[in-house]
Amino acid sequence: MNFAVVVFPGSNCDHDAYHAVKHVFGQSAEFVWHKETSLGDADVVILPGGFSHGDYLRTGAIARFSPIMASVRAFAEAGKPVIGICNGFQILMECGLLPGAMLRNRDVQFHCEHVGVRIEQADTPFTGKASVGQMLRIPIAHGEGNYFAPPEVIAELEAHRRVIFRYASADGEVTDAANPNGSVHNIAGICNEGRNVVGLMPHPERAVELVTGSADGRVVFESVIQHGV
Amino acid sequence: MRARVFVTLKPSVFDPQGRTIVEALHSLGHTEVGDVRQGKYFELDLNVESAAAAEALATEVSQQVLANPVIESFRLEVDSESKAGRS
């Protein structure tokens, strides 16, 4: 499979995503600079984490105007798999491919730690090999991951099973103590209506080899590779 | 022309920074401060001739870039005195 890893000025998880896809999973991967207008022959698009354009105004606020985003939108609207990780998730919300917005973490601290993340749905390209209720221990690294959407949008996400990842304790309980940032309903990741666009704050690409402390993120990549076979 | 844009979180949106600031003020003894909401303030220098054009342009960039309508609202003021002073 061909993965396109979009690189914005200030992206800093682009190489982690590339390494995971190319070296750990043996797939084809290409960096695509944000000023490009074509995604080439990509089968999957990754919007990686980082601080695109410095995130000085708001996270992802400027990146959504990058030339490549028209192609990302067309790719997404064609039903092909797109994943936004951390800043990539924030960009997907700013450009309207996913609903909601991120507030500052409720304790105003930047959190860089492994957290418990529960798989809520296994019918997206990125969770097809997981089981519902499966617990992942994967890292987060963000200051603005406090997911917010108006109550009617949250109700819609829940009703249509569009919450894909939720912060949970090691034994799978969705508790306030397991919520690192104050996200409403402990939401860590969601998908679009077509279920092909997924955004999440935790970093599965940083948890694909045990040397980094966890390999629980592998299932996200194994899922999309299986999806494309 | 100059426009001033005030971007604030909508009333229904929790403001972690405002909460932290009010707690700090209380710890300094300013217990009469009931609540704090933090926002953003922008001054735009606009190369347009009329107040109406300035308001239209400032509104457009506020909607498109400066504020995120999911969580924020904005209001703006066009500084007509600056126009008089500069023209």
Side-chain angles (χ1 to χ4, degrees), chain A residues 52-66 69 87 89-111 142-157 176 179-187 190 192 199 201, chain B residues 2-31 33-47 54-78:
Chain A
S52 53
H53 298 270
D55 281 347
Y56 299 115
L57 175 62
R58 278 187 320 279
T59 56
I62 307 299
R64 78 172 170 108
F65 296 108
S66 286
M69 289 307 293
N87 193 228
F89 182 15
Q90 294 162 336
I91 295 167
L92 288 173
M93 289 186 290
E94 281 283 339
C95 77
L97 284 171
L98 290 174
M102 289 300 172
L103 303 172
R104 286 285 291 269
N105 293 347
R106 63 179 164 188
D107 63 2
V108 210
Q109 303 294 309
F110 190 98
H111 281 251
H142 60 246
E144 288 167 310
N146 182 352
Y147 183 78
F148 174 87
E152 64 274 17
V153 174
I154 297 295
E156 152 101 15
L157 290 174
D176 193 56
N179 186 340
N181 50 36
S183 290
V184 57
H185 289 200
N186 283 40
I187 289 172
I190 58 174
N192 67 341
M201 288 312 290
Chain B
R2 177 167 290 187
R4 293 187 291 269
V5 181
F6 303 83
V7 176
T8 50
L9 287 170
K10 291 176 176 175
S12 60
V13 176
F14 174 62
D15 177 8
Q17 289 162 286
R19 169 68 64 85
T20 304
I21 292 162
V22 78
E23 286 172 0
L25 292 175
H26 288 172
S27 74
L28 290 169
H30 298 297
T31 52
V33 178
D35 194 18
V36 174
R37 303 281 289 175
Q38 180 169 326
K40 295 172 186 165
Y41 169 62
F42 302 86
E43 286 181 351
L44 309 179
D45 270 321
L46 306 171
N47 296 318
E55 179 156 351
L57 178 56
T59 301
E60 184 184 348
V61 301
S62 297
Q63 287 173 339
Q64 188 181 30
V65 182
L66 299 182
N68 178 342
V70 176
I71 50 174
E72 295 168 327
S73 54
F74 69 90
R75 68 180 175 83
L76 57 89
E77 297 170 353
V78 171

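Convention: sequence-line order gives letters A, B, ...; per-chain numbering from 1. Treat the numbers as computed from the prediction; the structure is a model and nothing was measured.
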Can you see which heavy atom on [X] is nearest to which on [Y], and at what distance?
X	Y	value
B:A54	B:L46	O-CD1, 3.6 Å
A:N105	A:H142	ND2-O, 3.0 Å
A:P150	B:V70	CD-CG1, 4.4 Å
B:V5	B:L76	CG2-CB, 4.1 Å

Note: vs chain B, highest number of non-hydrogen pairs under 4.5 angstrom among A:L57, A:I62, A:V153 is A:L57
Under 4.5 Å heavy-atom distance to chain A, tell me which part of B:K10 shows up: side chain, backbone, both or neither. neither
If one checks every heavy atom of B:E72 against chain A at 4.5 Å, the contacting part turns out to be side chain
Examine whether an atom of A:M93 lies under 4.5 Å from a heavy atom of chain B, and if so say whether it belongs to the side chain, the backbone or both; otherwise answer neither. neither
Of the backbone (N, CA, C, O) and the side chain (C-beta and beyond), which part of A:L103 lies under 4.5 Å from a heavy atom of chain B, both, or neither? side chain
Do A:S183 and A:N146 have side-chain N/O donor and acceptor atoms under 3.5 Å apart? no
